[in-house]
Amino acid sequence: MPSEEAEAHDFIRDIINEDLRTNKYGGRVHTRFPPEPNGYLHIGHAKSICLNFGIAEDYKGKCNLRFDDTNPAKEEEEYVRSIIEDVRWLGFDWEDRLFFASDYFDQMYDYAVELVKRGKAYVDDSTADEISRTRGTLTSPGQKSPYRDRSIEENLDVFTRMRAGEFGDGEKVLRAKIDMSHPNMNMRDPIVYRILHASHHNTGEKWCIYPMYDWAHGLEDSIENITHSICTLEFENHRPLYDWFLDQIEVYHPQQIEFARLNITYTVMSKRMLKQLVDEGHVNGWDDPRLPTISGMRRRGYSPAAIRNFCKRIGVAKVNSMVDFEFLEYCIREDLNKTAPRFMGVLQPLKVVIENYPDDKVEEMEAVNNPEDPSAGTRKVPFSRELCIEEEDFMEEPPKKFYRLAPGREVRFRYAYFVKCKEAIKQNGKVVELRCTVDPDTRGGNAPDGRKVKSTLHWVSARHAMDAEVRLYDKLFTEKDPAGHKDADFKDFINPNSLEVLTSCKIEPAVKNLKPLDRIQFERLGYFCVDPDSNSEKLIFNRTVGLRDTWAKIQKQQQQKTT
RNA sequence: UGGGGAAUAGCCAAGCUGGUAAGGCAUCGGAUUUUGAUUCCGUGAUCCCUGGUUCAAGUCCAGGUUCCCCAGCCA
């Protein structure tokens, strides 16, 4: 469970502390995470999940998982399935409290009847268009519906017949009778029930009227005895209505608290946009590793602990904010550095022949599995005459500050020997093979005479290496805030190079024991995750995130100087 | 001349009843290093503005500015 360092402190916990002090809810703390099953969860939801479940943990309270499934037109079973999977994967437990708003439809209906009986709601025969036109504008009041003063008896009768299916979609609605000139648009006789002859994933054909969010949500919270109903900022305008409904029918009244939703640079965080990316094939499904969905991040190799820690550290406040994606990456690296076993793999192989090493000889070099975790132990890596190193670890004419291999230069091959380059063999101007020698006295990687080398390279034995495909991911968008341009579509900023597939990678044999979704580090390259499509026939790795790369930074600076 | 929110370093974000600006990321230096990784050190703020109260204001008062949300039978 999330056990990371000091306890969180934020304005919501301040409110809870105060409520506890005044004994407002008898010492109880009960939250809920209420997703609508109309899409996959993303990291913005993770923030809410960590907040709600985190508060429950901190205060030894409870947190429910509740599906807010009041709109059968948009909701699907597949989304329910994925949401359950994602919340569980993140590491949270709702015990026996998995609920559906649709489980409360009967009760919500009864409460609506009560609202009508109290003269606080009426059936409106106006068309959607008429209702819209008479709502007024932000600066001018709306007009009362001609049906507003129907008798309670008539309202009861027509509402009953609405439920019985006597009318078609949109013919009538139940409206709260509040104030058509209220400065808050939400209070201008909001719709409580609409007619929708649609099959519901949970209740099937039982209902042809469905409650609206404002009516349903507070009742759901009330029925579940929620103490603090935490939602995002855009619902702040709805709080007066949340309160009004619960007050009118005089039921248990939780407190709604709003916080700012999460935004991260170079991505989008709206279900609508994510769905569009998926539906239009800009990515390969909801779990595409380039997406900020929970399932995408899982496939990318992000760990639940890293995501939880990220959510904890970004804080909770009421300011609209945009977190640098670098901070997310930092949190991922931080966790993976401590937990990911290390391997050697070569993405762009360059052949190396050790001229003074016999062709029939193979040595098993001992390698540390995780320098950050001694208990991870060691493994054997085969070394032989023909090896592969990374193409970019050799330069025929090395620039300043390039410490790696070059003609005449000696470097260390990790966990093996000091290796000296004698000659680069070229074909059509391209280096295709390196002829090198090994210093037999440096076995294991240290020279008895104390001489040093400037760098250490990773390598694999050509004969023993396994072939693999490696997928490198870059930012999905080229713009910091792709959704923030009023006169441009977010899709205009899609990065055409967000996915690079390398198919001739060579990996040390020890990876054969890995399972799908295992998270590892290829030394000097980054963190990687075994793709679920990977199998013994074809190994596939997704790059989660690269290691911090000081050399790349130096290169960039050098390039800028020359141009 | 609608209503509701919010403004603290490039980015998040503490700062409770006023006492002289935490922390993290990023950046840039440096040390250690068989991953140019990790780790470790060091590096940045007249707290949206203008007045006022006070010995003392990010914190209180007044006025202003900017940004976000609201006119779905979506949530």
Side-chain angles (χ1 to χ4, degrees), chain A residues 6 9-10 14 17 34-36 38 68-71 73-75 124 126-128 131-133 135-142 169-175 181-188 190-196 209-210 212-214 216-217 231-240 258 260 262 265 271-272 313-331 333-334 337-338 342 344 367-368 371-372 401-404 412-416 418 444-446 452-458 521-526 546-554:
Chain A
H9 188 263
D10 52 68
D14 285 344
N17 289 337
E36 182 190 13
N38 67 343
D68 204 0
D69 55 349
T70 57
N71 184 2
K74 290 187 177 175
E75 295 149 8
D124 195 335
S126 307
T127 64
I131 289 177
S132 168
R133 270 187 286 114
R135 188 155 11 234
T137 69
L138 296 177
T139 51
S140 63
D169 289 359
E171 275 183 40
K172 293 178 176 2
V173 289
L174 183 71
R175 284 234 255 175
S181 56
H182 198 108
N184 181 339
M185 299 288 286
N186 293 126
M187 302 297 273
R188 321 245 261 229
I191 291 166
V192 178
Y193 270 93
R194 78 282 213 180
I195 298 172
L196 219 54
I209 58 171
Y210 291 92
M212 297 290 290
Y213 168 86
D214 288 302
H217 204 89
C231 61
T232 43
L233 245 33
E234 66 270 25
F235 291 103
E236 212 156 16
N237 294 327
H238 294 248
R239 186 168 7 113
E258 311 84 10
L262 170 65
T265 54
K271 275 195 226 171
R272 195 199 99 236
R313 298 216 254 181
I314 52 175
V316 184
K318 298 195 74 154
V319 229
N320 288 306
S321 61
M322 175 148 327
V323 176
D324 285 339
F325 85 97
E326 288 92 344
F327 186 58
L328 211 209
E329 292 201 325
Y330 169 83
C331 292
R333 288 195 190 102
E334 182 190 44
N337 175 50
K338 285 182 284 194
R342 277 128 244 210
M344 289 198 283
V368 173
E372 306 290 323
K401 292 189 179 172
F402 182 86
Y403 301 150
R404 281 109 98 144
R412 172 168 39 232
F413 276 25
R414 182 146 229 226
Y415 299 126
F418 280 16
N446 283 307
K452 303 285 186 203
V453 287
K454 292 279 269 184
S455 76
T456 302
L457 306 188
H458 62 278
Q521 181 193 103
F522 284 137
E523 295 218 27
R524 302 212 305 133
L525 296 176
L547 259 27
R548 259 185 55 190
D549 192 346
T550 306
W551 168 237
K553 214 175 280 176
I554 294 169

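Reckoned from all heavy atoms, side chains included, excluding hydrogens, waters and symmetry mates. Numbers restart at 1 for each chain; the letters A, B, ... are given by sequence-line order, proteins then strands.
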Just wondering, do Met212(A) and Val192(A) contact through their side chains at under 4.5 Å, heavy atoms?
no

Taking the chi torsion of G24(B), is it syn (within 90° of 0) or anti (everything else)?
anti

Atom-to-atom span, CG of Asn337(A) to P of C25(B) - whole angstrom:
14 Å

Using a 4.0 Å heavy-atom cut-off, does Phe402(A) contact any base of the nucleic acid, only the sugar-phosphate backbone, or nothing at all?
base

Check whether any side-chain N or O of Arg333(A) sits under 4.0 Å from OP1 or OP2 of A37(B), and answer yes or no.
no

How many whole angstroms separate atom CZ of Arg188(A) from atom C1' of G4(B)?
14 Å

Taking side chain as C-beta onward, heavy atoms only, is Tyr210(A) less than 4.5 Å from Thr70(A)?
no

Answer yes or no: does a side-chain N or O of Tyr403(A) lie under 4.0 Å from OP1 or OP2 of G36(B)?
no

So, do Asn237(A) and Met185(A) sit near enough that their side-chain heavy atoms are less than 4.5 Å apart?
no

Can you measure Arg524(A) atom CZ to A37(B) atom P for me and round it to whole angstrom units?
11 Å

Inter-nucleotide P distance (C60(B), A7(B)), Å rounded:
12 Å

Mind checking the P distance from G72(B) to A9(B)? Whole angstroms is fine.
37 Å

Mind checking side-chain hydrogen bond (donor to acceptor under 3.5 Å, both in side chains) for His238(A) and listing every partner two or more places apart, or none if nothing turns up?
Asp214(A)

With P as the reference atom in both, quote the distance from U32(B) to C16(B) in angstrom, rounded to an integer.
43 Å

P gap between U17(B) and G52(B), integer Å
25 Å

With a 3.5 Å limit on both atom pairs, tell me what A6(B) is paired to, counting Watson-Crick and G-U wobble, or say none.
U66(B)

With a 4.0 Å cut-off on heavy atoms, is Gln521(A) in touch with a base, just the backbone sugar-phosphate, or nothing at all?
base

So if I define the base as every atom that isn't primed, P, OP1 or OP2, how would nucleotides 13-18 of chain B read as a B/S/- string at a heavy-atom cutoff under 4.0 Å?
SSS---

Distance in angstrom units between Glu326(A) CD and A26(B) P, rounded
8 Å

Is any N or O donor-acceptor pair between the side chain of Glu372(A) and the base of U39(B) shorter than 3.5 Å?
no

For the CE atom of Met322(A) and the CG atom of Leu262(A), what is their distance to the nearest 0.5 Å?
9.0 Å

Under 4.0 Å, counting only non-hydrogen atoms across every strand here, what does Thr139(A) touch: a base, just sugar-phosphate, or nothing?
base

Round to the nearest Å and state the distance from Asp324(A) atom CG to G10(B) atom C1'.
8 Å

Between Ile554(A) and Arg239(A), which is nearer to the 5' end of RNA chain B once each is assigned its nearest nucleotide?
Arg239(A)

Can you tell me the distance, in whole Å, between the OH atom of Tyr330(A) and the C1' atom of U38(B)?
11 Å

Pairing partner of U33(B) (Watson-Crick or G-U wobble, both distances under 3.5 Å)
none

Length of the NZ-P vector between Lys338(A) and A37(B), whole Å:
18 Å

Taking the side chain as every heavy atom from C-beta outward, state whether Asn38(A) and Asn71(A) have any pair of such atoms under 4.5 Å apart.
no

Pair Asp169(A)-Arg194(A), side chain to side chain contact (heavy atoms under 4.5 Å, CB included): steps then yes or no
CA-CA 8 Å; Asp169(A) 289 359; Arg194(A) 78 282 213 180; over 6 Å; no

Which one, G36(B), G4(B), C25(B), comes nearest to the side chain of Phe327(A)?
C25(B)

Could you check whether Glu334(A) pairs with Lys338(A) (Lys NZ or Arg NE/NH1/NH2 to Asp/Glu carboxylate O, under 4.0 Å)?
no

Salt-bridge contact Arg239(A)-Glu258(A) (side-chain N to carboxylate O under 4.0 Å)
yes

Check every atom of G36(B), U35(B), G5(B) against the side chain of Glu236(A) and return the nucleotide holding the closest atom.
G5(B)

To the nearest angstrom, the CD-P distance between Glu334(A) and G23(B) comes to 17 Å

Nearest 0.5 Å please: distance from the NZ atom of Lys74(A) over to the CG atom of Asp69(A).
14.5 Å

Within-4.5 Å side-chain heavy-atom neighbours: Asn320(A) and Leu233(A):
yes

Here the gap from Arg188(A) atom CZ to Ser181(A) atom OG, rounded to the nearest 0.5 Å, amounts to 7.5 Å

Gap in Å between the two C1' atoms, one belonging to A6(B) and one to A13(B), rounded:
15 Å

Distance between C1' atoms of A21(B) and U53(B) (Å, rounded)
22 Å

Roughly how far apart, to the nearest Å, are G36(B) and G44(B) at atom C1'?
26 Å

C61(B) and U54(B), which share atom name P, separated by this distance in whole Å:
16 Å

Which letters describe nucleotides 69-75 of chain B, given B = protein heavy atom under 4.0 Å from base, S = only from sugar-phosphate, - = neither?
BBBSBSB

Need one value for Met344(A): base, sugar-phosphate or nothing, where a base atom within 4.0 Å counts as base even if backbone is also close, heavy atoms only.
nothing

